[in-house]
Every structure is written in C-alpha cells, then in structure tokens.
Amino acid sequence: MGKNIVQKIFEAHKVAGDVDAGKTISLRVDHVYTQDATGTMAWLEFEAIGIDRVKVPLAVSYVDHNTLQSNFMNADDHLFLQTAAQKFGAYFSRPGNGISHQIHLERFGAPGKIALGTDSHTPTGGGIGMIAIGVGGLEAATVMAGAPFEMTMPKIVQIKLTGKLNRPYVTAMDVILTILKKLTVKGGVGKIFEYGGSGVADLNVTERATITNMGAELGATTSIFPSDERTLAHLKVQKREADWIELKADADAQYDEVIELDLSSVEPMIAQPHMPDKVVAIRELAGKKVNQVCIGSCTNSSYQAMKTVALILKGKSVADSVNLLINPGSKQVYEKLSREGLAADMIAAGARMMEASCGPCIGMGGAPGSGQVSVRSYNRNFEGRSGTKDAQVYLAGPVACAIMALKGEMIDPRDAGINVEEVAEPLDAVINDNMLIKPLSDTGSIKIIKGPNIKDVPVKQALAKEIEAEVLLKLGSNITTDDIMPAGSKVLPFRSNIPAISEFVFENIDKTFSRRAQEAIPKGGGIIVGAENYGQGSSREHAAIAPMYLGVQAVIALSFARIHRANLINFGILPLLFKSEADYEKISQADRLAIRNASDAVSGDQVFKIENLTKKISFEVVSNLNEREKKLILSGGLLPYTRRS
Ligand code: MIC
Ligand code: SF4
C-alpha cells in the first residue's frame with residue numbers, strides 16, 4: 001500500500017512504536033528551537049536536567065517575543081538565553097533578527113526533517129515540507145537532552161487543493177480562514193493535515209507557510225505541504241538548495257479523511273472577535289469603521305506579502321482615523337524592503353514601523369484604544385490578547401489589511417477601486433547571518449548569566465494517593481492559554497519567575513483566582529473544571545506551571561487541546577475527562593471534590609471516582625494516559641521523572 005508524506009517522514013524517524021492513528025510513537029528529532037517567552041523556562045529546565053550539550057543535530061534559541069525593554073527583566077533574559085545557548089551548543093538568534101518561524105523558514109528549515117519548537121506556530125515549517133510540531137519547554141528540553149519525542153499518532157487528513165487563487169486580491173490567508181470557518185478551532189484536534197492535489201503548485205513556500213501556521217488555530221498537531229519545484233525555488237533563494245529533497249505522497253496513499261477545496265472559490269475573508277474561526281466574507285462587514293491595522297507577525301511576513309503591502313501604500317496616505325503598525329517577520333525581509341525603498345513607501349504613507357518581532361500580536365506594544373476595532377494580518381484574536389480587554393480584533397490577509405488602512409473602513413479589497421500589483425516570489429534575498437550567533441565547540445569558559453528576575457523552576461511532589469480540593473473555577477468551552485496565563489507587556493517579563501507570574505493566572509476571567517488558589521493550598525489545593533477544548537492556543541507551559549505552583553491538582557474537562565494537555569502532565573497536574581457530559585452540570589464553583597485512590601487509579605484502570613463532598617453525589621472521570629504519561633503523573637511531572645530515571 002502506498003504511503004502519504006506524513007507516514008514517510010515518521011517511518012524514517014521512528015525509534016519505537018507505530019505510525020497508526022491512536023498508537024504511541026517515539027521519534028528521532030532533527031531540529032529543536034525555542035523562543036524567548038517560553039525559552040527561558042526551557043533552558044532553565046535543560047540546565048536542571050544536568051546535560052553538558054544539546055544532543056540534537058540543530059538547536060536554535062530565538063528572541064522575538066519579549067523585545068520591549070521597559071526595565072532590566074527582558075534584557076537580562078536575553079543575556080541568559082545567549083549565554084545558555086553558547087554553553088549548551090545552540091545557535092542564538094539575537095533580538096532584532098526576527099520571529100522564530102519566519103527565520104527558521106529562511107535559514108534552517110528543510111523538507112523531510114522533524115522539528116520541535118516551543119511555540120504553537122512551529123507548524124509554519126510545514127510550508128517547506130517539514131513535520132514541525134509545537135511543544136512545551138520541558139518537552140523540548142528533554143529532547144535536546146537526548147530523549148526521543150513520544151506522541152500519540154494523530155489521524156492524517158488530506159486537504160486536496162484544486163484550482164488557483166484569484167490573485168492578487170485573494171491571498172493564502174483567505175485559504176486558511178476559509179478552512180477555519182469550515183472546521184472550527186476544534187476541527188484539527190488529534191489530526192495532521194497533509195495538503196495535496198493540483199492546487200498545491202499554485203502556492204509558493206511562504207504562502208504554504210501562512211496556511212500551515214494557522215493550522216495551529218484548527219487545533220491540529222501540525223500541517224504539511226509536499227516538497228516540490230516551488231520548495232526548491234525557495235531554498236535556492238536562500239542559497240540552500242543542497243537541503244532540498246522531493247517529497248510527495250504515493251499515488252495510492254491512504255488518508256483517514258479527505259477534504260476538498262477549490263482555490264478559485266476562495267474569496268477575501270475575515271475572522272471576527274474573539275475567535276479565529278468566527279470567519280465571514282469581508283463584504284458582509286463592508287462599511288465598518290477601522291481604528292487600527294497591524295500587518296506582519298509569523299503569519300504574513302514574507303517579502304512577497306510585505307512588498308505587495310508597500311506597493312498598495314505607495315504614494316497614498318493612511319486614513320485619518322487609522323493607526324497602521326507594521327512588524328516585518330525577519331531582518332532579512334526588513335533589510336530587503338529597506339534597500340529597495342519599499343520600507344520608505346510604507347513610512348511615507350504613515351505606517352508606524354516596528355522592529356522585526358512579535359510586537360502587537362502578543363500585546364508587546366501597539367495595544368488598541370478602548371473598544372477600538374483593530375484588523376490584523378495575524379493568527380489570533382482572543383479576547384484581551386491585544387492588551388485591551390474590550391478591543392475588537394479581526395484577522396484578515398495583508399492585502400485587505402493594507403486597503404482597510406487606506407480606506408478607514410472594512411471593504412472587500414476587490415471593491416476598493418485600488419489597483420493591486422501582483423508581486424512574484426523574490427529571486428534573491430539579502431543573506432546576512434550576523435545576528436545568528438553560531439554554537440561554539442569549546443564551551444568550558446562560558447558562564448551562564450542570570451539576572452535577579454530569573455528564578456528556579458518549581459518542582460511538584462509525587463502524586464498523592466488522596467486528593468481533596470476545592471473547585472476554584474468552572475469554565476465553558478474553548479478556554480485559551482491566554483485566558484489561563486495572560487501575555488502582554490506587563491506579564492511576559494515574568495516568564496522566568498514563576499512565583500511572580502502566578503499572580504496573574506486567570507486574571508482576565510477572575511481577578512481573585514490567584515489569591516483564592518493560594519488560600520486553598522493548606523486545605524488540599526484546587527481543581528479547575530473546563531468544558532470542550534480546554535487550553536487551546538499557545539504552547540506556553542506557564543499555563544500549567546503557574547497553576548501547579550498555586551496548588552492546582554487536577555483539571556476536569558470534556559476535552560483538552562493537545563499541547564496544553566501535555567504541559568499539564570509534564571507538570572504533574574492530572575488531566576481528567578468526564579465520562580458523562582451530564583456530570584459537568586453537576587459541579588459548581590467552590591464545591592469540594594475528593595478523588596479517592598488517585599495514584600492507584602493512574603496505575604490501574606484509569607477510572608477515578610469523584611465524590612462531590614458539597615453536593616453529596618459522586619461521578620466517574622477517566623484519564624487516558626499512555627504508559628509514559630502515567631509515570632510522569634505519578635512522579636509529579638517530567639522534571640522529577642527525568643531526574644529520577
Ligand atoms: C502565541 O502566539 O500565543 C505565543 C506567544 O507565540 C505562544 C508562545 C508563548 O506563549 O510564549 C505560542 O503560540 O505558543
Ligand atoms: Fe509571535 Fe504572534 Fe507568531 Fe506567537 S503568533 S509567534 S506571538 S507573531
């Protein structure tokens with residue numbers, strides 16, 4: 001029987017296990033990369049494991065999130081990351097060099113490889129034919145220390161593309177927004193999307209990367225495109241054609257499911273507040289006033305996208321009511337735009353140019369005003385993420401964004417009367433790796449420098465036999481990690497200080513959470529109750545470590561998002577699933593729950609009896625842990641487990 005691309009790459013990297021859906025598989029990993037906001041923990045955890053040097057062929061430590069330096073904290077973190085990278089044998093990408101995913105696509109990504117990144121948008125690498133998966137920092141640290149990467153094999157779904165995009169008004173962003181509308185933010189859970197069909201050839205690598213980037217918003221484990229002539233063209237521009245291999249599915253390859261999409265049917269789309277799947281055609285919102293437009297991020301930062309934007313803005317002026325912010329994805333793109341006068345066209349039109357970093361996407365500056373409408377070529381519009389709780393954030397393609405910045409209102413780009421030039425993929429790039437510091441061979445004299453805000457990683461005790469704890473919070477579906485552990489310029493600098501960051505847990509949902517959790521610690525700690533897709537969004541393990549630090553013992557939900565579930569387990573918090581949906585209704589906030597024989601149930605049949613001591617009823621939950629996950633939970637998490645074994 002023929003094989004699909006995912007099966008081919010997984011077979012070639014398999015250390016143990018099976019490539020069949022639902023089975024556990026262990027994989028050899030080629031690249032591991034971290035970004036600063038998750039990387040400080042990852043590298044502290046690597047240090048805590050006690051290995052001298054990374055054991056994967058390529059490790060890169062990027063700095064792209066915490067670049068706003070309003071005091072010493074972020075700058076201290078950068079120095080820690082730089083010295084840790086040098087000590088442990090990783091590349092270090094300096095602040096200013098750009099966003100990890102964009103740079104990885106330019107300088108390191110290669111078809112057929114397996115990459116792990118401590119960021120949920122790592123699947124951007126699928127655009128170049130890599131299996132690129134987002135993981136928590138501790139997972140990355142253990143793989144860098146030499147462990148294989150273990151996961152439950154997802155289902156493999158083919159998205160079969162036909163036709164061609166109606167360029168230049170329709171972009172790759174509209175393709176993924178169309179898919180999000182159809183499949184929703186839960187539609188990819190437990191799946192890998194493999195793109196195929198004749199329409200693939202219509203998309204270049206950076207357009208493919210926009211699509212795989214936002215596969216994260218579908219909840220997918222990852223997404224991948226074939227490697228073909230267009231992949232070779234991308235690598236040639238980067239002077240890396242030696243990294244090219246052809247990758248395609250066999251003619252008789254099988255998939256768990258096939259979804260068809262005709263690219264010529266895609267029209268300009270927009271996601272409405274506050275979820276990336278609340279997608280409608282832009283024309284349905286025509287006339288709505290816009291206060292802010294942001295263009296860039298890891299989703300739409302290619303030279304091609306940025307040049308298209310520059311040419312739309314050239315010789316014109318942003319509307320009086322609009323603030324236009326542009327954050328190019330990499331120094332490489334930014335330098336080329338500058339050398340060719342395109343950045344000047346953006347500035348002349350009134351764009352506020354930001355450094356090549358995540359910026360407003362994660363609330364690092366550029367927060368909209370109260371209740372303002374912001375349209376962004378980014379990937380997430382969760383409530384409050386922009387830094388302004390009542391801001392109305394929409395997501396759209398870069399062409400639509402640039403046109404709305406000029407018009408001051410929402411408009412289908414085809415109706416704006418603005419001629420948009422079709423920009424081809426570049427034939428060359430400004431290659432200057434001076435902001436990428438190479439690993440050293442002799443690291444003996446390197447001292448890791450830690451500023452006063454960098455604190456040790458807290459470690460949990462082994463799982464208790466009996467848990468008796470209070471329901472600290474009862475939540476609905478699709479709770480994001482931004483809800484659990486907010487980001488933004490105020491909170492992000494505490495990413496290397498768990499005691500300090502834990503003060504902000506669930507801040508936007510319930511300001512009393514952290515205090516109540518701390519008060520519950522002497523009485524057995526807390527439990528969180530969620531509904532479907534609990535923990536969707538980012539890979540930030542702080543959404544697990546900080547609750548663990550605040551005494552949270554278990555989360556009971558109807559379903560979990562993949563990375564967050566893994567992070568909970570890695571930090572010793574039990575992820576429990578209701579056996580019957582009706583039991584969700586029977587729990588109220590502040591109820592006291594008892595989980596009898598918790599550790600026995602983990603090692604045994606994984607069915608737990610929960611007694612609701614307040615309501616005097618009981619019900620059952622299950623844990624569905626694989627053998628390794630059982631050991632981690634029993635030990636109190638991956639760090640105590642790794643140290644002990
Ligand atoms: C995000 O887009 O939410 C982030 C910030 O990049 C996160 C990582 C983080 O929280 O540090 C992600 O996507 O994983
Ligand atoms: Fe950065 Fe935003 Fe991309 Fe996350 S989604 S990596 S914050 S640009």
Side-chain angles (χ1 to χ4, degrees), residues 33-42 61-68 74 77 81 93 95 98-105 116-125 132-137 139-140 173 176 209-210 212-217 219 222 276 294-302 325-330 354-366 376-387 393 395 480-489 491-496 501 504 535-546 561-564 566-567:
Y33 64 91
T34 60
Q35 45 92 334
D36 52 337
T38 51
T40 49
M41 269 299 132
S61 172
Y62 291 99
V63 176
D64 49 9
H65 285 67
N66 289 353
T67 55
L68 205 66
N74 288 343
D77 281 357
L81 290 168
S93 172
I99 305 173
S100 67
H101 312 301
Q102 176 71 23
I103 303 171
H104 214 79
L105 217 50
L116 297 184
T118 63
D119 190 282
S120 64
H121 291 104
T122 303
T124 313
I133 299 179
V135 294
E139 201 77 58
M173 180 72 165
I176 188 66
T210 294
T212 59
N213 172 282
M214 277 191 88
E217 277 52 66
T222 192
C294 300
I295 302 178
S297 89
C298 62
T299 315
N300 281 294
S301 267
S302 66
L325 304 173
I326 298 184
N327 59 327
S330 70
M354 311 186 84
E355 65 179 314
S357 68
C358 298
C361 177
I362 194 58
M364 267 287 166
R376 302 172 163 209
S377 75
Y378 301 172
N379 52 32
R380 287 188 175 144
N381 59 345
F382 303 145
E383 192 173 2
R385 178 177 164 101
S386 65
V393 179
L395 309 172
T480 70
T481 52
D482 281 83
D483 294 323
I484 306 169
M485 186 74 260
S489 58
V491 184
L492 277 170
F494 295 112
R495 283 289 181 93
S496 35
I501 208 168
F504 300 95
Q536 69 158 329
S538 94
S539 68
R540 64 190 71 148
E541 57 189 353
H542 301 75
I545 315 178
R562 176 188 64 89
I563 309 180
H564 186 60
N567 283 334

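Just so you know, ligand 1 is whichever comes first in the structure, and atom 1 is the first atom listed for that ligand. Everything quoted here is computed from the prediction, not taken from an experiment.
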What does the N/O contact table under 3.5 Å look like for ligand 1?
unit_1: ligand 1; atom_1: 2 (O); unit_2: Arg380; atom_2: NH1; d: 3.2
unit_1: ligand 1; atom_1: 2 (O); unit_2: Arg385; atom_2: NH2; d: 2.8
unit_1: ligand 1; atom_1: 3 (O); unit_2: Arg380; atom_2: NH1; d: 2.8
unit_1: ligand 1; atom_1: 3 (O); unit_2: Arg385; atom_2: NH1; d: 2.8
unit_1: ligand 1; atom_1: 3 (O); unit_2: Arg385; atom_2: NH2; d: 3.4
unit_1: ligand 1; atom_1: 3 (O); unit_2: Arg540; atom_2: NH2; d: 3.1
unit_1: ligand 1; atom_1: 6 (O); unit_2: His65; atom_2: NE2; d: 2.7
unit_1: ligand 1; atom_1: 6 (O); unit_2: Asp119; atom_2: OD2; d: 2.7
unit_1: ligand 1; atom_1: 10 (O); unit_2: Arg495; atom_2: NH1; d: 3.4
unit_1: ligand 1; atom_1: 10 (O); unit_2: Arg495; atom_2: NH2; d: 3.0
unit_1: ligand 1; atom_1: 10 (O); unit_2: Arg540; atom_2: NE; d: 2.6
unit_1: ligand 1; atom_1: 10 (O); unit_2: Arg540; atom_2: NH2; d: 3.3
unit_1: ligand 1; atom_1: 11 (O); unit_2: Gln35; atom_2: NE2; d: 3.0
unit_1: ligand 1; atom_1: 11 (O); unit_2: Arg495; atom_2: NH1; d: 2.8
unit_1: ligand 1; atom_1: 13 (O); unit_2: Asp119; atom_2: OD1; d: 3.3
unit_1: ligand 1; atom_1: 13 (O); unit_2: Ser120; atom_2: N; d: 3.4
unit_1: ligand 1; atom_1: 13 (O); unit_2: Ser120; atom_2: OG; d: 2.5
unit_1: ligand 1; atom_1: 13 (O); unit_2: Arg380; atom_2: NH1; d: 3.0
unit_1: ligand 1; atom_1: 14 (O); unit_2: Ser120; atom_2: N; d: 2.7
unit_1: ligand 1; atom_1: 14 (O); unit_2: Ser120; atom_2: OG; d: 3.3
unit_1: ligand 1; atom_1: 14 (O); unit_2: Ser539; atom_2: N; d: 2.7
unit_1: ligand 1; atom_1: 14 (O); unit_2: Ser539; atom_2: OG; d: 3.0

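- In summary, an N, O or S atom of Cys298 is located under 2.8 Å from atom 3 (Fe) of ligand 2.
- For atom 1 (Fe) of ligand 2, the closest non-hydrogen atom of the protein is Cys358 SG, 2.3 Å.
- Those atoms of ligand 2 that come under 4.0 Å of a heavy atom in His101, given as number and element, are 6 (S).
- When each of Asp119, Thr122, Asp64 is tested with His101 by the rule side-chain hydrogen bond (donor to acceptor under 3.5 Å, both in side chains), just one qualifies, namely Asp119.
- For the pair Met214 and ligand 2, no heavy-atom separation below 4.0 Å is found.
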Next item on the list: Could you please spell out the steps behind the side-chain contact (heavy atoms from CB on, under 4.5 Å) verdict for Ser377 and Thr299?
Entry: CA-CA 7 Å; Ser377 75; Thr299 315; over 6 Å; no
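- Residues Glu355 and Asn327 are not in side-chain contact: their nearest non-hydrogen atoms beyond the backbone lie 4.5 Å or more apart.
- Formation of a donor-acceptor pair under 3.5 Å by the Arg495 side chain with backbone atoms of Ala37 is found in this model.
- The protein non-hydrogen atom at the shortest distance from atom 2 (Fe) of ligand 2 is Cys361 SG, 2.3 Å.
- A perpendicular orientation is assigned to the rings of Tyr33 and Tyr62, their planes being inclined by more than 60° (bins at 30° and 60°).
- Not a single N, O or S atom of His65, from either the backbone or the side chain, sits less than 2.8 Å from atom 1 (Fe) of ligand 2.
- If you look at Asn379 next to ligand 2, the close heavy atoms, those under 4.0 Å, all belong to the side chain.
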Next item on the list: Carefully, step by step, assess Leu325 and Ile295 under the rule side-chain contact (heavy atoms from CB on, under 4.5 Å).
Entry: CA-CA 6 Å; Leu325 304 173; Ile295 302 178; over 6 Å; no
Next item on the list: Kindly indicate, with the supporting measurements, whether the criterion side-chain contact (heavy atoms from CB on, under 4.5 Å) is fulfilled by Arg385 and Val393.
Entry: CA-CA 9 Å; Arg385 178 177 164 101; Val393 179; over 6 Å; no
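- At a 4.0 Å heavy-atom cut-off, ligand 2 does not touch Gln35 at all.
- Residues Arg540 and Asp482 are paired through a salt bridge, judged by an N-O separation under 4.0 Å between the basic side chain and the carboxylate.
- Of all the heavy atoms of Asp119, the ones lying under 4.0 Å from any atom of ligand 2 belong exclusively to the side chain.
- Residues Cys298 and Gln102 fail the side-chain proximity criterion, which asks for heavy atoms closer than 4.5 Å.
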Next item on the list: Just do the side-chain contact (heavy atoms from CB on, under 4.5 Å) check on Asn213 and Asn379 with the steps written out, would you?
Entry: CA-CA 8 Å; Asn213 172 282; Asn379 52 32; 3.1 Å; yes
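- Using a 4.5 Å heavy-atom cutoff, the side chains of Ser538 and Arg380 are in contact.
- Distances below 4.0 Å separate heavy atoms of Ile362 from the following atoms of ligand 2: 7 (S).
- With a 4.0 Å heavy-atom cut-off, ligand 2 is reached by the side chain of Arg385 but not by its N, CA, C or O.
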